[in-house]
Amino acid sequence: MYAGKARAYTNIALIKYWGKKNEQLILPMNNSLSLTLDAFYTETTVIFDASLTKDSFVLDGTLQDAKQTTKVSKFLDLVRQQYKISLFARVESQNFVPTAAGLASSASGLAALAGACSQALNLQLNETELSRLARRGSGSACRSIFGGFAEWQKGDSDQTSFAQEIPADGWENDLAMLFVLVDDGIKDISSRDGMKRTVETSSFYSGWLETIEADLATAKQAIAAKDFNKLGEVTEANGLRMHGTTLGAVPPFTYWSPESLNVMQLVRTAREQGLPCYFTMDAGPNVKILVEKKNLAALKNILAEHFSEQQLITAHAGPKITLLPL
Ligand SMILES: O=C(O)C[C@@](O)(CF)CCOP(=O)(O)OP(=O)(O)O
């Protein structure tokens with residue numbers, strides 16, 4: 001029996017990953033850049049055991065059905081194939097998110113699974129190798145191996161596609177992200193399905209891709225200069241352009257709910273009134289607001305006039321993956 005455990009934190013992309021060049025290897029069309037956060041993390045334990053006759057996956061104490069277990073089992077197949085192992089495994093993941101809302105991202109879950117496998121099988125993977133392995137579970141998971149800012153180098157092969165930390169001289173600790181849970185309903189279209197449809201059918205997709213290099217350069221210059229407004233502006237614009245591509249898909253779709261639009265307007269109004277803050281969204285209706293820590297309380301007061309305490313979650317920069325003692 002070989003057992004391992006790891007804790008990995010979620011990350012939110014400021015420059016988005018939205019489209020694969022290679023589905024099987026999960027190679028992206030473009031580089032992306034994220035901030036790892038401390039508020040949501042996953043602890044995953046994996047136990048490879050000769051007595052098991054199939055893989056099993058327990059999430060937050062509930063044994064998952066075959067469909068839910070597929071993503072995990074496919075990842076385990078990859079590990080078994082890469083490291084010449086024939087054992088089945090039991091995977092147990094615990095999501096630590098302040099609320100049951102579907103906030104736990106596959107990023108922290110699959111990153112933690114990669115770390116747990118490395119420990120269980122004594123693979124001694126370094127951070128680049130862990131990032132490459134986590135990427136095969138879920139693209140954004142490769143960024144959760146690192147704390148703070150990370151950039152996923154798209155590469156052009158399995159070997160060359162992984163994330164790296166972007167040193168920011170501790171500036172990430174001056175920032176915060178306020179999550180506004182506008183709707184805890186199930187995501188209608190998964191990020192995997194949403195980006196696939198967009199790449200394959202959206203007339204806006206090529207225009208989106210053309211803007212990424214410039215956005216990445218701007219974001220990295222902003223981080224180097226600790227220029228919050230420059231980082232916020234490119235983050236908000238990049239996220240809006242990403243979501244714009246879904247409107248051009250066939251059939252068109254959007255992740256935005258009426259409440260999402262309300263929050264976007266509140267952010268713009270707060271900014272006009274002198275409170276620097278910028279929003280970004282992913283494959284769901286919740287809105288994430290990037291703000292400097294010194295302005296977090298003022299921002300929260302504005303949102304608290306419209307949303308309950310449970311709907312407002314504060315996050316700060318989070319740490320890199322941790323292998324845990326069993
Ligand atoms: O995080 C970002 O860069 C942007 C998104 O969150 C926007 F929704 C996409 C994340 O996609 P992911 O769940 O990693 O897809 P997978 O590779 O198909 O598992």
Side-chain angles (χ1 to χ4, degrees), residues 8-37 40 42 68 70-72 74-75 78 95 102-114 131-146 149-155 158 161-163 166 177 179 186-200 202 205 208-209 211-212 215-216 219 234-247 249 253-256 260 279-288 290 315 318:
Y9 292 77
T10 196
N11 70 81
I12 295 298
L14 307 182
I15 306 298
K16 303 293 185 187
Y17 150 52
W18 189 242
K20 296 180 179 70
K21 186 170 287 180
N22 179 311
E23 295 268 336
Q24 197 254 329
L25 292 175
I26 306 194
L27 300 181
M29 288 283 201
N30 57 271
N31 286 22
S32 57
L33 185 151
S34 62
L35 179 60
T36 295
L37 298 173
F40 320 119
T42 305
Q68 291 301 323
T70 309
K71 207 168 185 179
V72 164
K74 268 178 66 181
F75 182 83
L78 175 78
N95 284 322
L103 262 182
S105 67
S106 62
S108 57
L110 274 302
L113 179 55
S131 180
R132 190 180 294 127
L133 180 60
R135 191 203 77 240
R136 297 295 300 277
S138 176
S140 54
C142 78
R143 303 181 311 229
S144 277
I145 301 301
F146 302 96
F149 293 108
E151 179 179 6
W152 175 8
Q153 308 284 340
K154 66 182 178 187
D158 178 43
S161 187
F162 51 82
I166 301 176
M177 196 166 268
F179 283 64
I186 302 292
K187 273 196 281 193
D188 38 3
I189 299 179
S190 72
S191 41
R192 186 161 296 187
D193 294 342
M195 68 173 77
K196 185 167 172 26
R197 186 193 305 178
T198 303
V199 169
E200 290 173 352
S202 176
Y205 191 72
W208 148 257
L209 273 191
T211 65
I212 300 289
D215 283 354
L216 268 165
V234 73
T235 294
E236 188 169 294
N238 182 270
L240 284 168
R241 264 185 272 109
M242 176 217 126
H243 284 274
T245 63
T246 70
L247 300 175
F253 67 101
T254 182
Y255 289 108
W256 297 350
S260 311
F279 60 80
T280 188
M281 291 178 64
D282 295 298
N286 296 328
V287 184
K288 295 102 178 188
L290 188 64

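Counting starts at 1 for both ligands and their atoms, in listed order. Computed over heavy atoms, backbone and side chain alike; hydrogens, waters and symmetry mates excluded.
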Atoms of ligand 1, numbered as shown, that sit under 4.0 Å from any heavy atom of [X]:
X	value
Arg192	16 (P), 18 (O), 19 (O)
Ala13	1 (O), 2 (C), 3 (O)
Gly139	14 (O), 16 (P), 17 (O), 19 (O)
Ala283	8 (F)
Lys20	16 (P), 17 (O), 18 (O)
Ile26	17 (O)

- Any side-chain heavy-atom pair from Phe162 and Ile145 closer than 4.5 angstrom?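 Side chain of Phe162 against side chain of Ile145, heavy atoms only: no contact under 4.5 Å found.
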(Q) Can you confirm whether Lys20 sits close enough to Leu25 that some side-chain heavy atom of one is under 4.5 Å from a side-chain heavy atom of the other? (A)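 No - every pair of side-chain heavy atoms lies 4.5 Å or more apart.
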Counting heavy atoms only, which part of [X] comes closer than 4.0 Å to ligand 1: side chain, backbone, both or neither?
X	answer
Arg143	side chain
Ser32	neither
Ser106	side chain

Scanning both residues in full, the closest heavy-atom pair of Lys16 with Trp208 reads O-CZ2, 3.6 Å
* **Heavy-atom nearest option to atom 17 (O) of ligand 1, drawn from Tyr17, Trp18, Trp152, Tyr255** =>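 Comparing heavy atoms across Tyr17, Trp18, Trp152, Tyr255, the nearest one to atom 17 (O) of ligand 1 lies in Tyr17.
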Sequence neighbours excluded, the answer for salt bridge (charged side-chain N to carboxylate O under 4.0 Å, His left out) partners of Glu23 is none
Residues passing the salt bridge (charged side-chain N to carboxylate O under 4.0 Å, His left out) test with Arg241, sequence neighbours excluded, are Asp215
Exercise. Got an N/O contact under 3.5 Å between Asn11 and ligand 1?
Worked result: no
Practice problem: Please say whether Ile15 places an N or O atom under 3.5 Å from an N or O atom belonging to ligand 1. | Solution: no
Give a yes/no on ligand 1: does Met195 have at least one heavy atom closer than 4.0 angstrom to it?
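It does, in that a heavy atom of Met195 comes within the 4.0 Å cut-off of ligand 1.
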| Sole residue of Ser161, Ser34, Ser131 in side-chain hydrogen bond (donor to acceptor under 3.5 Å, both in side chains) with Trp152 |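 That would be Ser161; it is the only one of Ser161, Ser34, Ser131 passing the side-chain hydrogen bond (donor to acceptor under 3.5 Å, both in side chains) with Trp152.
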Item to complete: Look only at the side chain of Tyr17 and the backbone of Lys154, and say whether a donor-acceptor pair between them is shorter than 3.5 Å.
Response: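 No: the side chain of Tyr17 does not pair with the backbone of Lys154.
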Between the OH atom in Tyr9 and the OG1 atom in Thr42, the distance rounded to the nearest 0.5 Å is 10.5 Å
- Hey, is NZ on Lys71 packed in by over 12 heavy atoms from elsewhere, all under 6.0 Å?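 More than 12 within 6.0 Å, yes.
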